[in-house]
2 protein chains.
Amino acid sequence: MTNTIRAEVITIGDEILFGQITDTNTAWLGTELTNIGIRVVRKSSVGDQANVILDVLHEAHQRADVIILTGGLGPTKDDITKKTLCTYFGVGMVRNEEALALVTSFFVKRGREMTDLNRGQADLPANAVYMQNDWGTAPGMWFEHEGRVYVSLPGVPFEMKHLMTNRILPKLRGHFNRPVIKHKMIRTVGIGESFLAERIEAWEDALPDPIKLAYLPSFGGVKLRLTTTGNDEAILDQQLAEQVEKVLPLIEKNVFGFDNDELETVVGRLLSEKGLTLSIAESCTGGYVSSQITKIPGSSAYFWGSVVSYSNIVKVNQLGVTPETLDQFGAVSEETVRQMAEGVRKALGTNVGIATSGIAGPDGGTPDKPVGTIWIACSTDERTVARLLKLGQYRDQNIQLTSTYVLNMLREELLTL
Amino acid sequence: MTNTIRAEVITIGDEILFGQITDTNTAWLGTELTNIGIRVVRKSSVGDQANVILDVLHEAHQRADVIILTGGLGPTKDDITKKTLCTYFGVGMVRNEEALALVTSFFVKRGREMTDLNRGQADLPANAVYMQNDWGTAPGMWFEHEGRVYVSLPGVPFEMKHLMTNRILPKLRGHFNRPVIKHKMIRTVGIGESFLAERIEAWEDALPDPIKLAYLPSFGGVKLRLTTTGNDEAILDQQLAEQVEKVLPLIEKNVFGFDNDELETVVGRLLSEKGLTLSIAESCTGGYVSSQITKIPGSSAYFWGSVVSYSNIVKVNQLGVTPETLDQFGAVSEETVRQMAEGVRKALGTNVGIATSGIAGPDGGTPDKPVGTIWIACSTDERTVARLLKLGQYRDQNIQLTSTYVLNMLREELLTL
């Protein structure tokens, strides 16, 4: 692996260290940098103190060719990134006219009054190349210093992503002559990490040298990531494709997709291909399954709607679950979840209906039906299938896992049609 | 700030650097450590390579009193944390009988076969104090080395959280004699960071010495965080309460809660207090608002259900929106969203109904109604109110912001009842 371009991502802000926000920026940056063949070797988060920011800048200088900083660029007094960069580079602060025009137009457009704090956002370290932020008043900045590239970006995710996508990534591509890193991800569901590992052990041991395998467990599934590095993208793709072809027969039943596939995109594709429409009846998942389906752009082509039936009255009136069924078997039962899946399909007039009913927790469990007892169902023209899940104690996890399992049940049923 | 206990959190795994998973562990750890008066001074993420793990361990030793590692403890070949800790501490690996018994019972309970890989999970560095993981087969470990505490935990969030909560945090509390750090968070909605800053400038400038203020912007709102440090918790609480009392009159209209309050917990509290029930009609938000409401344990006390009406047929049949309204004004209109809020309230028989209808994007915009055009409404016994939002281009953001605004509209209406 010659000539690897190494990157370090530094996030600045006490709120990250103290846990008051979850950092989603660095995962996104990791993906984007990896995609253009830059290897992230370290991520660091430090607080809003000049001395620790200086420390991490000096350390990163030793470790990386590209140092990307996010955060600390807001208009308020606790944001000190720019001042600290002036100290680090040994330069002064200069008002940038281009940045000032942008900030001014931002306020004019919105009909808002501009404050001195806002005007101060146009002050940049003297060695900065100004990178226009079309979505906010904090500037993007590019620096070259002792053979390294430094990039400073706002911490607000959509501003950061816009600047990276439109300004920084193209400039990095031009700046470096980098090797290619290629990944291939195999997405599995319904098999644990160690069982997967045993099943593919012989294949794994025989992987040729530049190819690395990683197991990435997540809710209800394990991602297998193959990575390789070289110069010729087409050859690398070919090498990865060969390995996928070898391993697939060993785990075919558990593979639902590749790379960025999610269960909700895979079922969306299957529904579109087959010209089928979907409706959802949700009790314990409370709208989560629907929100997973509808976060996919274009989902309105196959998804007609849902009924979230938290109360039994809604189960009866909107979904046609019979009061007798609720009396005899309870809301958390095979009989009820089947009637929910069939009922939502009928009420909303779709080809397929799926349903969830269970005890998400932390309260509501009984000795017979402890927290984590959850029924899922899928109803099509052909048949209705139902399954009992015995999950754990944690509400969030139970909701997410139920969503995974009911979407996988939908996928399996769609494959039979 | 004398005698501060400093912590560094190190996450291990290529998948974090490459952006294939989003690290939510360190935010949680930051909150928990802060709450017991341990200050997180650095977070670092490194890949699955022994030499860089060794580097960051040596660096962390210089910076912190407590070093917490997560990840790299799985049964598969890319997990190398334990071996690397042996090198770092200069010790060998020893099979731990207590850990082996736990791993064995884990497999016996589930009726699964145990593999050699699984048995290997009971091998620990010789100087490890074994910390039992009740939720998985990867061990927790506690080390004391040259005056520092090292803790190694699995990366799977619920296993890590369980181990921290039940084993590590109590042990850390006993081990250190720490100062108290106290935070008070004021949650605002509907006012930008710089406007907030100008409005409270005089108060901010007059903050007494140990108290620090930070602005934490997030979707649709800004959190104001007050922090102070000392020895007497009651005195610190009192100092923070005094400052909150001073600033509140300046921003009262925009404050929806404190500390861990979210809009969904605040509206849940208001609904409970007033004995009112809620239903939701969602078009563009596709179930997201319902999932926010139902992630709160106990929400079934006031939330009866939702209709997600992606298709117009569902708007007509389930919500009673008239075909004439849809024809004349379109699905994204004040008239439609009012009928949705009133319709869901009537259909599900609740006291209050809220509704969303808009163009989340990226497709579906027109010159008249571009992407980001979104109507929200709230209907009570007293009246129905509606509001037009003009949001941006990004689907995820539009869905999240719409949820924030409609929940805030609900909060404001509930306060008038």
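The model shown is predicted, which means the values in this text are computed figures rather than measured ones.
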Contact check, side chains of B:Gln393 and A:Phe158, non-hydrogen atoms, under 4.5 Å: no
With a 4.5 angstrom heavy-atom cut-off, which part of B:Ile313 approaches chain A: side chain, backbone, both or neither? side chain
How many angstroms lie between atom OG1 of B:Thr26 and atom CD1 of A:Ile16, to the nearest 0.5 angstrom? 9.0 Å
Which portion of B:Leu319 sits near chain A, non-hydrogen atoms under 4.5 angstrom: neither
Applying a strict 4.5 Å limit to non-hydrogen atoms, the region of B:Val56 in contact with chain A is both
What one should report as the nearest heavy-atom pair of B:Arg395 and A:Ser299 is NH2-OG, 3.7 Å
Any chance you could lay out the side chain to side chain contact (heavy atoms under 4.5 Å, CB included) test for A:Val308 and B:Phe303, step after step, and finish with the verdict? CA-CA 10 Å; A:Val308 178; B:Phe303 174 69; 3.9 Å; yes
Can you name the closest pair of heavy atoms from B:Leu17 and A:Val40 and give their distance? CD1-O, 3.3 Å
Quick check: do A:Tyr310 and B:Trp304 have side-chain heavy atoms less than 4.5 Å from each other? no
Do you know which of B:Lys43, B:Glu59, B:Arg42 makes side chain to side chain contact (heavy atoms under 4.5 Å, CB included) with A:Ser44? B:Arg42
Interatomic distance, A:Ser194 atom OG to B:Asp116 atom CG [nearest 0.5 angstrom]: 11.5 Å
Choice from A:Gly286, A:Gly305, A:Cys284 maximising heavy atom contacts with chain B below 4.5 Å: A:Gly286
For chain B, which of A:Glu198, A:Gln49, A:Lys223 has the most heavy-atom pairs under 4.5 Å? A:Glu198
Applying a strict 4.5 Å limit to non-hydrogen atoms, the region of B:Ser300 in contact with chain A is both
Do you know which two heavy atoms are closest between B:Ala197 and A:Leu117, and how far apart they sit? CB-CD1, 3.9 Å
Approximate separation, where rounding is to 0.5 Å, of A:His183 NE2 and B:Phe18 CZ: 5.0 Å
A quick test of your reading: do over 12 heavy atoms of other residues, nucleotides or ligands sit less than 6.0 Å from CG of B:Asn260? no
Measure distances from B:Lys212 to the heavy atoms of chain A and classify the residue's part below 4.5 Å as side chain, backbone, both or neither. side chain
Chain A contact via B:Thr285 - side chain, backbone, both or neither, heavy atoms under 4.5 Å: backbone
Heavy-atom check, side chain of B:Arg225 versus side chain of A:Asp14, under 4.5 Å: yes
Compare every heavy atom of A:Ile399 with every heavy atom of B:Thr294, then report the nearest pair and how far apart it is. O-CD1, 4.4 Å
Which atoms of B:Glu32 come close to chain A, meaning under 4.5 Å heavy atom to heavy atom: side chain ones, backbone ones, both, or neither? neither
Let me confirm one number: the OH-CD distance from B:Tyr215 to A:Glu15, rounded to the nearest 0.5 Å. 13.5 Å
Looking only at heavy atoms, which two atoms of B:Phe195 and A:Glu113 are closest? And how far apart? CZ-O, 3.6 Å
Please determine, among B:Val52, B:Thr115, B:Val46, the option with the most heavy-atom pairs under 4.5 Å with chain A. B:Thr115
Interface residue of largest heavy-atom contact number with chain A, from B:Thr34, B:Thr277, B:Leu348, under 4.5 Å: B:Leu348
Would you mind checking which part of B:Val41 comes under 4.5 Å of any heavy atom in chain A, side chain (CB onward), backbone (N, CA, C, O), both or neither? backbone
Under a 4.5 Å cutoff for heavy-atom pairs, which residue among B:Gln292, B:Gln318, B:Lys315, B:Arg63 has the most contacts with chain A? B:Gln318
Taking side chain as everything from C-beta outward and backbone as N, CA, C, O, which of these in A:Ser309 sits under 4.5 Å from a heavy atom of chain B? Side chain, backbone, both or neither. backbone
If you compare all heavy atoms of A:Pro297 against all heavy atoms of B:Pro362, which two are closest, and at what distance to 0.1 Å? CB-CD, 3.4 Å
Side chain / backbone / both / neither for B:Ser306 at chain A, heavy atoms under 4.5 Å: both
So which of B:Ala27, B:Gly287, B:Gly30, B:Ser45 has the largest heavy-atom pair count under 4.5 angstrom toward chain A? B:Ser45
Ranking B:Asp363, B:Ile10, B:Thr22, B:Ile293 by heavy-atom pairs under 4.5 Å to chain A gives rank one to B:Thr22
For B:Ala347, is it the side chain, the backbone, both, or neither that has a heavy atom closer than 4.5 Å to a heavy atom of chain A? both
Answer with side chain, backbone, both or neither: which region of B:Tyr288 has an atom nearer than 4.5 Å to a non-hydrogen atom of chain A? both
